[in-house]
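Worksheet: the structure to be examined is printed underneath.
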Amino acid sequence: MPAVTYLEAIRLALWEEMERDPNVFCIGEDIGIYGGAFKVTDGFIDRFGAERVIDTPIAESAIVGAAYGASLTGLRPVAEFQFMDFIACAFNQIVNVLAKSHYRWGAPAPLVLRGPSGGGVHGGPFHSQNPEMWFVKTPGLKVVCPATPADAYGLMKSAIRDNNPVIFFEHKFLYRRIKEELPNGGGDFTVPLGRARQARAGRDLSVITYAAMVHVALEAAEALAAEGIEVEVLDLRTVLPLDREAIAETVRKTSRAIILHEDTLTGGLAGEIAAIINEEAFDWLDAPISRIAALDTPVPFSPPLEHAFLPKVEDVVREARRLRAW
Amino acid sequence: MPAVTYLEAIRLALWEEMERDPNVFCIGEDIGIYGGAFKVTDGFIDRFGAERVIDTPIAESAIVGAAYGASLTGLRPVAEFQFMDFIACAFNQIVNVLAKSHYRWGAPAPLVLRGPSGGGVHGGPFHSQNPEMWFVKTPGLKVVCPATPADAYGLMKSAIRDNNPVIFFEHKFLYRRIKEELPNGGGDFTVPLGRARQARAGRDLSVITYAAMVHVALEAAEALAAEGIEVEVLDLRTVLPLDREAIAETVRKTSRAIILHEDTLTGGLAGEIAAIINEEAFDWLDAPISRIAALDTPVPFSPPLEHAFLPKVEDVVREARRLRAW
Amino acid sequence: MKKRPASKARHNGASRPAAGRNGQRPADQERRYRIPDWRLERPQFHVTQKRTEAGEVRYSFTGDLDLAPPPIRESGYLTREKSIELYRWMLLNRRMEQTLETLYKQSKVVGGVYFGLGQEACSCASALALGDGDWFAPMIRNQGALLVRGFHPRDVMMQYMAKADSPTHGKDGTSHYGDIAQRNMVSPISMLGDLIPILTGVALGARLQGRNIAALTWIGDGGQSTGVTHEGLNFAAVQKLGLVLIVENNLWAYSTPTEMQFAIEDLAERAIGYGVPGMIVDGTDACQVFDATLEAVQRAHRGEGPTLIEAKMMRMKGHAIHDAAGYVPPEMLEFWRKRDPIARFEKHLLGKKWLTPAQNRELIAEVERQVDEDRTLAEASPMPDPAQAPKGVYCDPGCHPITLKYGGVKPARRGGAKLKQSEAALHFR
Amino acid sequence: MKKRPASKARHNGASRPAAGRNGQRPADQERRYRIPDWRLERPQFHVTQKRTEAGEVRYSFTGDLDLAPPPIRESGYLTREKSIELYRWMLLNRRMEQTLETLYKQSKVVGGVYFGLGQEACSCASALALGDGDWFAPMIRNQGALLVRGFHPRDVMMQYMAKADSPTHGKDGTSHYGDIAQRNMVSPISMLGDLIPILTGVALGARLQGRNIAALTWIGDGGQSTGVTHEGLNFAAVQKLGLVLIVENNLWAYSTPTEMQFAIEDLAERAIGYGVPGMIVDGTDACQVFDATLEAVQRAHRGEGPTLIEAKMMRMKGHAIHDAAGYVPPEMLEFWRKRDPIARFEKHLLGKKWLTPAQNRELIAEVERQVDEDRTLAEASPMPDPAQAPKGVYCDPGCHPITLKYGGVKPARRGGAKLKQSEAALHFR
Ligand SMILES: Cc1ncc(C[n+]2csc(CCOP(=O)(O)OP(=O)(O)O)c2C)c(N)n1
Ligand SMILES: Cc1ncc(C[n+]2csc(CCOP(=O)(O)OP(=O)(O)O)c2C)c(N)n1
Ligand SMILES: [Mg+2]
Ligand SMILES: [Mg+2]
C-alpha cells in the first residue's frame with residue numbers, strides 16, 4: 001500500500017466504515033456532488049448515493065440536531081463542518097443536547113462531528129481556530145485531534161464505532177502536508193480513543209502536545225538532540241478523555257515538561273495538563289512546567305502576524321534549554 | 001444604608017448606571033413589565049421606559065447581535081440572559097463577533113452580558129451551569145464572577161463602564177442568601193476588573209476561588225482555624241483577565257494551594273491557575289496543587305445527587321489537611 | 001428542455017399569476033396561499049405596553065370578549081371509543097397536574113411545577129393521533145402527551161420529586177425524560193426549539209431505514225422565535241421529512257405577549273416561507289387538534305413532508321408555579337375559562353350521548369383513583385443514592401446496544417465506484 | 001372595548017376573509033399577500049441531483065433558457081448624473097476584482113479571492129441608495145458596496161494582500177473590515193447571517209438616540225437558512241427597525257443549488273412570516289435594485305420597519321477563486337452571461353443618450369487608471385510588523401473614545417419611580 005496523506009487517511013477510514021456499516025452516513029454542507037470544501041467526501045455520493053451523503057442547507061444547528069435525531073434511531077451519522085470555526089453555530093446543540101444525552105436520560109448518541117481546524121494556512125480569524133477547549137470543558141463529549149495519517153485513520157474508525165458523541169478535529173495544515181504508509185498493510189485497524197502515543201522517546205524532557213504541534217515538537221527534538229538534550233514527545237491524540245497515565249509516566253521519567261499547543265494560551269489544554277502533572281508527578285518535577293501556546297488573540301490573517309501568533313520550533317528549543325538549565 | 005443582598009446590589013448598580021448615563025440600556029427576555037425571571041430589573045421599565053428596558057423575543061443570538069450593533073453606535077447595552085445556560089444559544093455571536101471585534105477591525109464593543117449561573121438550587125442540567133470557561137478560553141472577552149454584594153455592585157459598574165464585552169455571571173445561589181452593607185456609605189464606587197481580593201488572610205495554605213465557592217472556602221477556613229491551620233482565601237472576582245500577581249503572591253506566602261471552583265473539573269479554571277502557580281511560584285511550592293471542583297458530569301437535578309456533584313466544605317477541609325501533612 | 005410551469009402546485013397550495021414573458025406587471029402582484037383555519041370562532045386580542053396614569057408601564061388589553069363559546073367541531077376520525085379514550089387522557093393530564101400542585105404545596109416537589117392547564121386538548125389529542133412507529137418529543141406543557149404515549153402519572157410525579165425510581169433516576173427533573181427503546185420519545189430540552197431539528201433527524205433516520213414516520217413536537221409562540229426553529233423546519237421542508245410541528249400559541253411567552261414576539265397575526269403564516277402546509281386550529285377543541293394532527297401524520301406517512309399546525313389557546317396559569325401571572329389581563333383568563341378544553345369536550349360527549357353522566361362520573365373517579373395510587377407509589381420511592389452522581393456520563397462499551405429502530409439501512413449497492421484521489425481547497429494550500 | 005378589525009392592514013398588505021362569528025368556513029381559506037415582483041422576465045430554473053448513466057451523481061438542469069434578455073426597467077429616481085455615478089461604481093467594482101484576480105495569479109494575494117461578478121448591480125445600486133447617516137454591512141460579494149461608501153480599491157487590495165496599511169493592518173483579510181467613525185460600516189463576519197441582528201441593533205441604537213436610520217445588509221440564498229437570520233429579521237420586525245435585508249439569490253450556495261436550500265419558489269415569500277414587506281427584483285438590473293432599496297430606505301427613515309428584497313441573479317464564478325464551479329450546468333452561466341449587469345446598464349445609458357460612446361470610453365479608461373494607481377499604492381505597502389500581533393485584543397482605557405453616533409440618548413424623565421425591593425423567582429429559592 002502506498003503512503004497516504006492525512007486527508008486521504010481520513011477519507012479512507014470514512015469510506016471503509018461506510019462500506020462496512022450501512023448505518024453510517026454523512027451529512028453536511030457541500031459534501032455531496034462537490035465532495036466537501038476540502039474534498040474529504042469526494043466521490044462518496046457516487047458510491048453511497050444522495051441518501052447517505054446528505055447535502056444540507058447552511059444550518060449547523062440543524063445538521064447537529066438532525067444527526068443526533070438520526071442517531072437515536074440507531075444510525076451512526078458523521079457530520080461535517082465546512083470549517084470547525086462554524087461549530088460555534090451549533091454550540092448549544094452540542095454542549096446542551098448531545099453531551100448531556102446519556103447522563104440525563106440514558107440515550108447514547110453515536111455520532112461524529114468532524115471538520116478542519118487549525119491555523120498556519122492564512123485563513124484568518126474565522127477559518128483557523130482550534131476550538132477544542134470549548135468541548136474538553138464539557139463532560140459527555142469525546143474530543144480527538146490526530147497528528148498523523150495512521151492515527152487519523154485509526155481514530156476515525158474508533159470515533160465512528162464509539163457510542164458517544166465524538167468531535168473530530170482534522171488539522172487542515174496537515175491535510176496534504178504529511179504522508180505515511182498505514183500500518184497493517186492497509187487493512188482495517190483502529191486506534192483506541194483516550195490513549196496517547198509516544199511519538200519520540202527521550203530521557204531529559206517531555207514535550208506533551210497534539211495535532212499539528214506534534215510535528216513542531218519532533219522538529220525541535222531533532223535540533224535539541226544535536227545539543228545532547230533528549231526530548232520525549234508525547235502525542236495525546238485524544239484530548240478528552242485525556243490519558244493521565246501516559247502524561248504521568250513521561251513526566252516521572254524526564255522530570256521536566258513542556259506542554260505545547262496551537263490553541264491560545266489562556267484556558268487552553270496546557271493548564272489542564274499542568275494540573276494533571278502536578279497531581280500525578282509533583283515529586284518528580286525538577287523544573288516548572290512550561291506552556292507554549294499561541295498568543296492570546298484571535299488568529300491574525302497576515303503571514304508575519306500569524307507566524308508571530310503560532311508556536312514555533314525555536315520556542316520549544318528555547319524553553320527546553322531553559323528547563324534543562326533549571 | 002441598610003445591608004443589601006447580592007441581587008439588590010446588582011439591581012442598585014444597574015439602576016444607578018442607568019440614571020447616571022442615559023446611554024446605558026437593558027435588553028432581554030421578560031425584563032420589562034415582569035422585571036426579569038429573577039426580578040433584577042423589577043420596576044426599571046417604570047422609571048426608564050420601554051425604550052431603555054427592551055423586552056425581546058426569545059432569541060439569544062438576536063439579543064447579543066442587537067446589543068453589539070447598538071454598542072457600535074456608542075451606546076452601552078446590558079443584555080440579560082434568563083439563565084446563563086442559554087448563553088450557549090448566542091455562543092457564536094459572542095466568541096466570533098464580540099470577542100474579535102476590536103482586534104479584527106478596531107471596533108470596541110462596550111456591552112455587558114449578564115445573568116444567573118451556578119447550582120445548588122436544584123435547577124437541573126439546564127439551569128445550573130457555570131459556563132465561564134467557554135469565555136475564559138476566548139481572548140477579547142472579560143469575565144466577571146463576583147462573590148459578595150459589594151463586589152457585585154462595584155464590578156457591575158466597572159463592567160458597564162468598560163469598553164470591552166464583559167460577561168457577568170451572577171451566582172443565583174447567592175442572589176438572596178448573602179447580605180452586606182455596601183462600603184462608601186451607599187455612594188457610588190467601583191471595583192476594578194482583573195483584580196483579586198484577599199477574602200481572608202492566612203499563612204499556611206491558600207484557597208484560590210471565586211463566586212459561590214468563596215463562601216465554602218471561608219467556612220472551611222473557619223473550621224481549619226480551629227485546628228490551627230490558617231487558610232488564606234483569595235477571591236479572584238474576575239476570571240478573565242486573571243490577577244496573576246495576586247495568585248503568585250498568596251502562593252509564595254503560603255507555599256500550598258487549593259484551587260476551588262463550582263465548575264466541573266476537567267477544563268475548568270483550576271487548570272489554568274495551576275499552570276500560573278507553576279510558572280510564578282514553582283520554587284515556593286511545598287506540596288502539589290490541589291484542585292477541588294464539581295464532578296465531571298452535567299449538573300444533576302436531585303438534591304442528593306447535586307450535593308454529591310458540588311464541592312463541599314468538607315472537601316476543602318480534607319484537602320487542606322492532606323496538603324498540610326505533605 | 002422541459003419548462004417548469006410558473007404556477008406549479010406547491011405544498012401550501014400557493015398560487016400566483018402566471019409569469020408574463022417580458023411584460024411589465026403591476027407592482028402589487030398578489031399571491032394566494034391556503035391557510036385552513038378550522039376554528040369556529042376567531043377572537044382577536046391585542047396586548048401592548050402602555051404607561052398608566054400612575055406612571056407605571058403595564059399591559060393594556062383590547063379584544064373580542066363577548067363571543068359565546070363555540071361548540072366542538074365534529075371530528076372526521078374520532079370514534080366514540082377513541083373519543084372517550086381521549087377524554088380520559090385529558091382528565092388524567094389535569095388530575096395529575098392538580099396532584100403535582102398539591103405535592104408542591106406540601107414541599108415534596110424539587111424545583112417548580114409546570115402546568116398545561118387549558119392546553120390538555122392540544123397535548124393529548126395530538127399525541128393520540130400518532131401511530132406506533134411514530135416519534136414525539138414533548139415540551140414542558142405537554143405532560144398529557146406522556147400519558148397518552150404510555151408513561152404513568154407516577155413517572156412524572158417521581159421526576160418532579162427527584163426520586164430514584166423516576167425515569168431519569170433523579171438526574172433530571174420535570175418531564176425531562178425520554179425513551180428510545182419503547183415509546184419513541186425524545187427527552188425535552190430546555191433550550192426552546194432544539195427539538196425541531198432533532199425530530200427532523202429522527203424522521204431522517206427512519207427514512208434511511210425505509211420507513212416514512214411522523215415525528216411530532218411542539219413549540220410555543222415564544223419559542224418559535226429561536227433560530228433553531230427556523231433551521232429545523234427548513235431542513236425538514238427541503239428533505240420532505242415527516243416533522244409535525246404544533247405551534248402552541250397560548251398568547252404568552254412567560255410574561256411576554258405574542259405581539260412582542262412576532263409581527264404577524266397567525267403563526268401559521270410562517271408555513272408559507274418554508275413551502276409547507278400550515279393551518280390553524282382551536283387548541284381547546286380536542287377534535288380539531290386530533291383531526292389536524294392525524295392528517296399531518298398521514299401526510300408524513302405518505303412521505304409528503306412536514307406540516308405546521310398552529311393551535312390557538314391560552315396558558316391558564318403562570319409560566320410555572322412560582323409565577324402568579326399578575327401581568328396577564330384578567331379578562332383574557334375569564335374569556336378562556338369559558339373555553340376549558342375538558343369541559344367543552346365533556347359537554348360534547350354528553351351531548352352526543354357517547355357518554356352518560358354516570359359513565360362520566362365513573363371515569364372521573366377512576367382517573368382520580370389511578371392518580372392517587374400513582375401518587376402513593378411515587379412518594380414511596382426513595383431519593384437517589386449519591387453514589388450514582390458520577391455515573392452514566394458516557395455510554396461505555398457494553399452499556400447500551402445500539403438498536404436499529406427500523407431494521408437498519410439497506411443500501412442500494414451501486415456500481416464499482418472506488419475511492420479515488422482528491423484535491424483539497426486550493427487556497428488553503 | 002375597542003375591537004380590532006379582523007382584516008387590518010398589515011405590512012405586506014396581507015388580507016384575508018373577515019372572520020365569521022361562530023360560523024364554519026371552508027377549510028381552504030385563502031390568504032393574499034402582495035409580493036411585488038419588478039422583474040421584466042421570470043425565468044424558471046430547476047436543478048436536482050440525478051444519477052447519470054455512468055453511475056455518478058450530478059446536477060441535472062431544466063429551465064427557461066430561450067428568453068431574450070429584457071431591457072432595464074426605468075428608474076423612478078435615478079437622474080442622469082446619479083445613473084452615471086452608479087455605472088462608474090459598477091465598473092470600478094469589476095475592474096478592481098479583475099485586478100485582484102491578476103494579483104492572485106501573481107501570488108501576491110494571501111488566501112483566496114471572492115468575486116461579485118454578475119452581482120455588481122446589486123452591490124453598488126443598493127449601497128448607493130443609502131443616505132449619509134445610514135449604516136451597512138457587506139458580505140463577501142459586496143465589494144462594490146465598499147467603493148460606493150467611500151473606501152478605495154487599494155483598501156480592498158491591501159486587505160487581500162494582508163498589508164500593513166490595509167484597513168485592518170493585516171489582522172483580517174478580504175473585505176473583512178469596517179469603519180464606525182466615518183463610513184458607518186460594520187465589518188463582515190464569516191458566519192452567515194450574524195450581521196442581520198447586528199444591523200438591527202445598529203438601527204435600534206440610532207432610534208434610541210432619536211434617529212430612524214436604514215441599516216442595510218445582504219444575505220445569500222444559502223445563508224438565509226441560518227437561524228440567526230430568522231432571529232434578526234423577526235426582532236427587526238417586532239421592533240419596527242429600519243433593517244433593509246437584501247437577499248441575494250444567486251442560485252448557488254457554494255456548490256449547492258437553491259432547490260436544496262429551501263422549498264419555496266421565491267425567498268421574498270419569507271417576508272410574509274415576519275409581517276414585513278417583501279419583494280423581488282432582477283439583481284442584474286441596477287435600476288430595479290436602486291429603486292427598491294431606496295424605497296426601503298425611505299420606509300426605514302419613516303420608522304416603518306424592515307424590508308426584505310430578493311434580488312435574483314447568478315454567481316458568475318466559483319465560490320472563490322479556487323473553485324472552478326464544475327458542478328454548475330454551463331447553460332445557466334450562458335443564460336446569465338447575456339444578462340451581465342454592467343453591459344445591460346451600459347446599453348441602457350447609451351440608449352438613453354445619457355452617455356455617449358466617447359464619454360463611456362473615457363469613464364472606463366479613468367476607472368482603469370484609478371485601479372492601476374491604487375494597485376501600485378497597495379503593492380508598495382509593507383507587510384505588517386510581527387510585533388503588532390499581540391496588540392489590540394482589548395480596547396484598553398484611552399484606546400478609543402466611545403462616540404455617540406447620533407448625539408446620545410435623551411431620556412424622557414419620568415415620575416419619581418424609585419428602586420424598590422424585589423422578589424426572586426420563587427422556585428429557585
Ligand atoms: C433558548 C431559550 N431561551 C430562554 C428560555 C427561557 N424560557 C423558558 S420557557 C420561556 C417562555 C416560553 O414561551 P412559549 O414558547 O410561548 O411557551 P409557553 O411557556 O407559553 O408554553 C422562556 C423564555 C429557554 N428555555 N430557552
Ligand atoms: C454559518 C456558516 N456556515 C458555513 C459557512 C461556509 N460558507 C461560506 S460561504 C458559503 C455559501 C454561501 O452561499 P450563499 O449564502 O448563497 O452566498 P453566495 O456565496 O452565493 O453569495 C458557505 C457554506 C459560513 N460562512 N457560515
Ligand atoms: Mg406561549
Ligand atoms: Mg448564493
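In what follows, chains are A, B, ... by sequence order, proteins preceding strands, each numbered from 1.
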[X] portion near chain B, given a 4.5 angstrom heavy-atom threshold:
| X | answer |
| --- | --- |
| A:Val136 | both |
| A:Ala287 | backbone |
| A:Asp263 | side chain |
| A:Gln129 | side chain |
| A:Thr138 | side chain |

Discussion item. Pairing donors with acceptors under 3.5 angstrom, does anything connect the side chains of A:Thr264 and B:Lys137?
Written reply: yes
Discussion item. Taking every non-hydrogen pair under 4.5 Å, which of B:Ser61, B:Ser290, B:Ala274, B:Ala88 racks up the most with chain A?
Written reply: B:Ala88
Worksheet item: Of all of B:Leu242, B:Ile259, B:Asp283, which one pairs up most often with chain A through heavy atoms under 4.5 Å apart?
Response: B:Asp283
Worksheet item: Which heavy atom in B:Ala275 sits nearest to a heavy atom in A:Gly271, and how many Å separate them?
Response: CB-CA, 4.0 Å
In Å and rounded to the nearest 0.5 Å, what is the [atom1] to [atom2] distance from [X] to [Y]?
| X | Y | atom1 | atom2 | value |
| --- | --- | --- | --- | --- |
| B:Thr266 | A:Met133 | OG1 | CE | 9.0 Å |
| B:Leu265 | A:Ile276 | CG | CD1 | 8.0 Å |
| A:Asn96 | B:Phe126 | CG | CZ | 5.5 Å |

Beyond-backbone contact of [X] with [Y], side-chain heavy atoms, under 4.5 angstrom:
| X | Y | result |
| --- | --- | --- |
| A:Leu285 | B:Asn278 | yes |
| A:Phe91 | B:Ile87 | no |
| B:Tyr103 | A:Pro300 | yes |
| B:Ile289 | A:Glu279 | no |
| B:Phe86 | A:Asn92 | no |

Fill in: A:Arg252 CZ: over 12 foreign heavy atoms closer than 6.0 Å
yes
Worksheet item: Is it the case that more than 12 heavy atoms not belonging to B:Arg244 sit under 6.0 Å from its CZ atom?
Response: yes
Practice prompt. May I ask you to decide whether B:Arg291 forms a salt bridge with A:Glu272, counting only side-chain N to carboxylate O separations under 4.0 Å?
Written response: yes
